[in-house]
Amino acid sequence: MWTELSATISSLAVVFFMFEKYLNYFPYTIRGYAERNFRKVVNFVNPYVAISFHEFTSERLKRSDAFFAIQNYLSTISTENARRLKADVVKDSQSVVLSMDANEEVTDVFNGVRVWWASGKIPPQSKSISWFPGSEEKRYYKLTFHKRYREIITKSYVEHVLKKGKEIAVKNRQRMLYTNNPSKDWHGWKPTKWGNIVFEHPSTFDTLAMDTAKKEEIKKDLIKFSKGKDYYAKIGKAWKRGYLLYGPPGTGKSSMIAAMANLLDYDVYDLELTTIKDNSELRKLLIETKGKSIIVIEDIDCSLDLTGQRKKRKEKDDDEADKEKDPISKKKKEAEEESGSKVTLSGLLNVIDGIWSACGGERIIIFTTNYVDKLDPALIRRGRMDKHIVMSYCCFEAFKVLAKNYLDIESHELFGKIEELFVESKMSPADVADSLMPKSDEQDEETCLKRLVEALEASKEEARKKSEEEAMLKTKDGVVTEG
C-alpha cells in the first residue's frame, strides 16, 4: 500500500511540475480553463485551508496591525517549539522578546484543534532603491488548518490571536511621557503634536508618603477601573475616570501621578493649556492620544482663566483690589497674555466629559491644584472629576514610609517624640523628606531624625505665633467694632 501511495504522489508531483512549466504556452482562454480545473482537483485531494497575513496592507505603504499582533502572539509559542528564533530588544534594552525566524513553522492548539503557523518572505521584484516600504522585502505569516474547522478558526481563533497579540504588545512596549508641542510645530517634514521621552519615574504606592488605608483605597479604585471595559460599555459611559488632586505645595501630587502610571502600566500625557491656541486644537490633541494613558493638567488653577465666563460682576473697586492682591489671578492673566490661548471652559469640559471624551478608551484624566476653591464647580463636579483626593500635610504614617525609604529604618527611640510633634505641626512630605535625606556620608539615621525633630519644633513654634497673631487681630477687630 505504501509503495502504491508513494508512486501516486510522485506521479502527481511530476504532473504538477509539467503543468506549471508548459501552461504558459497555451492560449489565455485555454490556460485559464485548465488552471481552474486543475486547482479543483488539487483542492479535492488537499483537505487543508491556508490564510496569509501580510506585513503591508493593500495600500502597500501602511504596515498591518494584524501582522504585528500575530508576531507578538507567536513569540510565546516560538520560544517553546521553534528551532530558529529571532531576538528583539524592548523596553530600553532591558528585556528580550524571541520570535520565529523566516521560513520557520510552529504548531498551536485551540480548543482541541491543531493549526500550523509558518513565516515567509516575498523578495522584491526589482533591486532598485526605493523610499517606500511597500517595495522592500515583504514578510507574511501563513495559517494552515483542516477545512472541517474553518468556522471555529475564522470566527474564534483568529480573533483570539489578535486580542492576545495586542495585549502582549502593550505589555512589552516602552512607556512614554508626552508633552504637547506648539501648533506651529505641527507641520513640516515630520509633523508631530506630541513630543515624548521614556517614562522612568520610580515612584510607586509603596514609596508614596501617605496614610496606608488611603493608599489602598486609591489602588483598589484604579485597579477596578482598569478592569471595567465591559462594565462601562454596559452602563453606556466612556471608559475614562477623572481624579482631582489638591492640597498644599510639596504634598506629593506629582509623585501620586507617577505611582498611578506605574501601577497600571500607563503612558502619561502632560497637557500644557497655555500653548494651545483654541478649542479646535485641544480636540486634535485629544484624538492623538492613545488608550491606557493618563492625561494630566497640573496646576490647572494657574494655567488659564477658565472661570471668567461664569463669574458674576463685582464692583469695580473691589475687583481691581482683588486682582492686585491675589497672586493666582495675576499669574493667570500673565499666562494668558503671553500665550494668547483662547481655550474656553466649555471647550475643556467638552474634551474631558463631552462627546469627544469617548475617542479612545481606558483613559484617566487628572487635574492638580493647590487652591481647589479657585476652580469652577462645573469643572470638578462628580462625573467629571469622579474622585477627589486630598494631598495633605505629612502624618506619622507617611513619615514612617519616608523613614523606610530614606534611612531604611522602621523604628527608633525618637519615633515617639516625632509622633507627638506631628500632631501639633504642619509639614509637607517634601520638607520631611529633605530633613531625612543624609547630606554627607558621615550623617547617620540619628542625625537625620534629630534634624527632623528640630524642623518640627520650629514649625510648631511658627504655628503657635501665627495663631497668637490671628487671635490678636480678632481681638482688635472686636474692640473697633464695639467702639
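Treat the numbers as computed from the prediction; the structure is a model and nothing was measured.
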For salt bridge (Lys or Arg N to Asp or Glu O under 4.0 Å), just list the numbers for Arg464 and Glu469, CA-CA rounded to whole Å, side-chain angles, deciding distance to a tenth of an Å, and then say yes or no. CA-CA 9 Å; Arg464 185 188 64 79; Glu469 290 175 359; over 6 Å; no
Write out all pairs satisfying ring-ring contact (aromatic ring centres under 6.0 Å, His included) with one or both partners inside residues 377-403, taking only residues at least two apart or from two chains. Phe396-Phe399, Phe399-Phe415, Phe399-Phe422
Atom CZ in Phe367, atom CG in Leu245: separation rounded to 0.5 Å? 11.0 Å
Check this for me, if you would: do Lys450 and Glu446 make a salt bridge, where the nitrogen-to-carboxylate-oxygen distance has to be below 4.0 angstrom? yes
Is the shortest side-chain N to carboxylate O distance from Glu216 to Lys219 below 4.0 Å? yes
Test: Lys253 and Asp299 ion pair at under 4.0 Å: no
Between atom CG of Leu282 and atom NZ of Lys277, what is the distance when rounded to the nearest 0.5 Å? 13.5 Å
Verdict with supporting geometry, Arg384 and Asp353, salt bridge (Lys or Arg N to Asp or Glu O under 4.0 Å): CA-CA 6 Å; Arg384 289 192 175 116; Asp353 194 34; 3.3 Å; yes
Begin with the C-alpha distance, continue with both residues' side-chain angles, and end with the deciding distance and a verdict on salt bridge (Lys or Arg N to Asp or Glu O under 4.0 Å) for Glu281 and Lys284. CA-CA 5 Å; Glu281 285 193 0; Lys284 291 176 182 178; over 6 Å; no
Quick check: Phe67 with His54 (ring centres under 6.0 Å apart)? no
Is the centre of the Tyr157 ring less than 6.0 Å from the centre of the Phe110 ring? yes
Answer yes when Glu159 and Lys155 have at least one side-chain N-carboxylate O distance shorter than 4.0 Å, and no when they do not. no
Counterpart residues, side-chain hydrogen bond (donor to acceptor under 3.5 Å, both in side chains), relative to Tyr266 (two or more places apart): Glu362
